Number of protein chains: 2
Amino acid sequence: MPGAKEEDFLPLRDSVYNKLRQAILTGEYPPGERLMEVHLGDKLGVSRTPIREAIRMLELEGLVTMIPRKGAMVSQITEKNMSDVLEVRRALDILCVQLACERITSDGIAELRKARDNFERAVATNDSRRIAQADVEFHNVIIRATGNDRLISLEDSLSLPMYRYRYEYIKDSSGHDNLVKEHRKIVNAIEKRNPEAAASETGEHIDNQRRSIMRQIRLEREEETMNALYGKRTIR
Amino acid sequence: MPGAKEEDFLPLRDSVYNKLRQAILTGEYPPGERLMEVHLGDKLGVSRTPIREAIRMLELEGLVTMIPRKGAMVSQITEKNMSDVLEVRRALDILCVQLACERITSDGIAELRKARDNFERAVATNDSRRIAQADVEFHNVIIRATGNDRLISLEDSLSLPMYRYRYEYIKDSSGHDNLVKEHRKIVNAIEKRNPEAAASETGEHIDNQRRSIMRQIRLEREEETMNALYGKRTIR
DNA sequence: CCGTTCATTTATGTATACAAAGTTCAAGGA
DNA sequence: TCCTTGAACTTTGTATACATAAATGAACGG
């Protein structure tokens, strides 16, 4: 049957999972928001079964917290929590570049250069959304170059909790020049297949990211404290 | 109501999850075994709902593989797969000892010494089961000393796929003296709060483990090949 | 006026029923 | 003999119904 392309029907649970995940990452469902099965089911037009399964998946990724007999809520993002994630990500990102130095193919290097250039073009436009996307893609090239499937999926799930901050982080970065420089240094180190240099550059890259994200969380918390003192804002 | 201790009723899904996990890790359900919902439900005396949820949890941990509209099966353990896991674990174990050097309390050090001594006593008995357990506990002390909850849960899920081999690994280890020595070196480094030494000792420790596990997987695969050539064994 | 208790409500935990997709195997024709 | 076809069966996907625990609030008593 030529030309007949199978439209892939992905199961409802996956569809629901994607929708919920998106809603959480964009902040539509803020931390602490309760996720009630019947309510979500009505809203999305499906029964409780796929909702439950989607929520379980989100729980295992750490985006929602479940309390038995109580229900699910969007995970609170605490400073400690984010700090823990970043600590682990630092080690894994360094592992990624080290492995990439050993294993990247010439095609991979070409792809990496392209991603770097694309990132620099994005920075030139000053469009935060585009910059964030190019940044993700740049890192994905490196991660894929490791050829380690477990590492790839771990990096994926560890970067989730930070997506809410990545956008602001990009804007916050006082001048994007640092980001561009850091990316260049990392590419150079990988091209030369120099794991030590790549590792140290990556460490610095993450440390900068950490500082920015931590500052933001503190700001956010202060704001919350103010709200608590001067009046609770209505929730939807 | 003094003395009245609440017996914790854990939900059926968790109970099922534990049972299935145990069955997979002990090899009762070998890799490739299909996990059918009604069948398991009959066997365990529960409906499909908790079974499904337990299977989803196992899938996210990598112990079972799901194919849409086809069902779940116990994940195949390939050399590549295990190699990927070990590569990640090496990086995280090293992170653990480095953090432990910074953060371990004096109580923690006392606990660590106790775990080390307990391990040595276990080795003296030559009881593989006991040795394996003492080994796990030793590493857990270090992991907990990091105070990083995300790291703790990651280490937990990454060590799962190896449990099937750990037991054999202990037996295989030609003389347990190496293990004892390695543990001692790690404890010494942590006591002196020397992250570099701790990291290098841990790296070596994991590399030894890796060699042993890889050898075993190859042996197992050869055996399978023989079976395939000379006759298929019946599956339950 | 405050605290306790009990009924009501709400949401989750679990079971079951129905729908649809995939697999298997046998029958029929080239 | 081999390939095709289709019907029965198996198994998952989804919806719904029932059971049970927690939270809420009102009524009663001190």
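All chains are named by letter (A, B, ...) in the order of the sequence lines, taking the proteins before the strands, and each is independently numbered beginning at 1. In this text the structure is predicted, and so the values were computed from the model without any measurement.
A close approach under 4.0 Å does not occur between any side-chain nitrogen or oxygen of B:Arg48 and OP1 or OP2 of D:dT12.
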Please step through salt bridge (Lys or Arg N to Asp or Glu O under 4.0 Å) for the pair A:Arg211 and A:Asp207, ending with a clear verdict. CA-CA 6 Å; A:Arg211 270 188 287 276; A:Asp207 290 339; 5.8 Å; no
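Here the OH-CD distance, from B:Tyr165 to B:Gln216, works out to 7.0 Å after rounding to the nearest 0.5 Å.
Between the side chains of B:Arg221 and B:Thr78, not a single donor N or O lies within less than 3.5 Å of an accepting N or O. Using modelled atom types, one finds a donor on one side chain and an acceptor on the other under 3.5 Å when comparing A:Asp135 with A:His183.
Among the candidates B:Arg130, B:Lys114, B:Arg144, the single residue satisfying the salt bridge (Lys or Arg N to Asp or Glu O under 4.0 Å) test with B:Glu137 is B:Arg144.
Counting non-hydrogen atoms of neighbouring residues, nucleotides and ligands closer than 6.0 angstrom, the CZ atom of A:Arg129 reaches no more than 12 such neighbours. The environment of B:Glu87 atom CD is dense: over 12 non-hydrogen atoms of other residues, nucleotides or ligands sit within 6.0 angstrom.
Of all nucleotides in DNA chain C having an atom under 4.0 Å from a heavy atom of chain B, the first and last in 5' to 3' order are C:dG13 to C:dT23.
Residue B:Glu37 contributes atom CD, which lies 8 Å from atom C1' of D:dT11 at whole-angstrom precision.
A heavy-atom distance below 4.0 Å to DNA chain C is reached by these residues of residues 49-70 of chain B, ordered by number: B:Thr49, B:Pro50, B:Arg69, B:Lys70.
Ionic pairing of A:Arg13 and B:Glu59 is not present here: no N-O contact between side-chain nitrogen and carboxylate oxygen is shorter than 4.0 angstrom.
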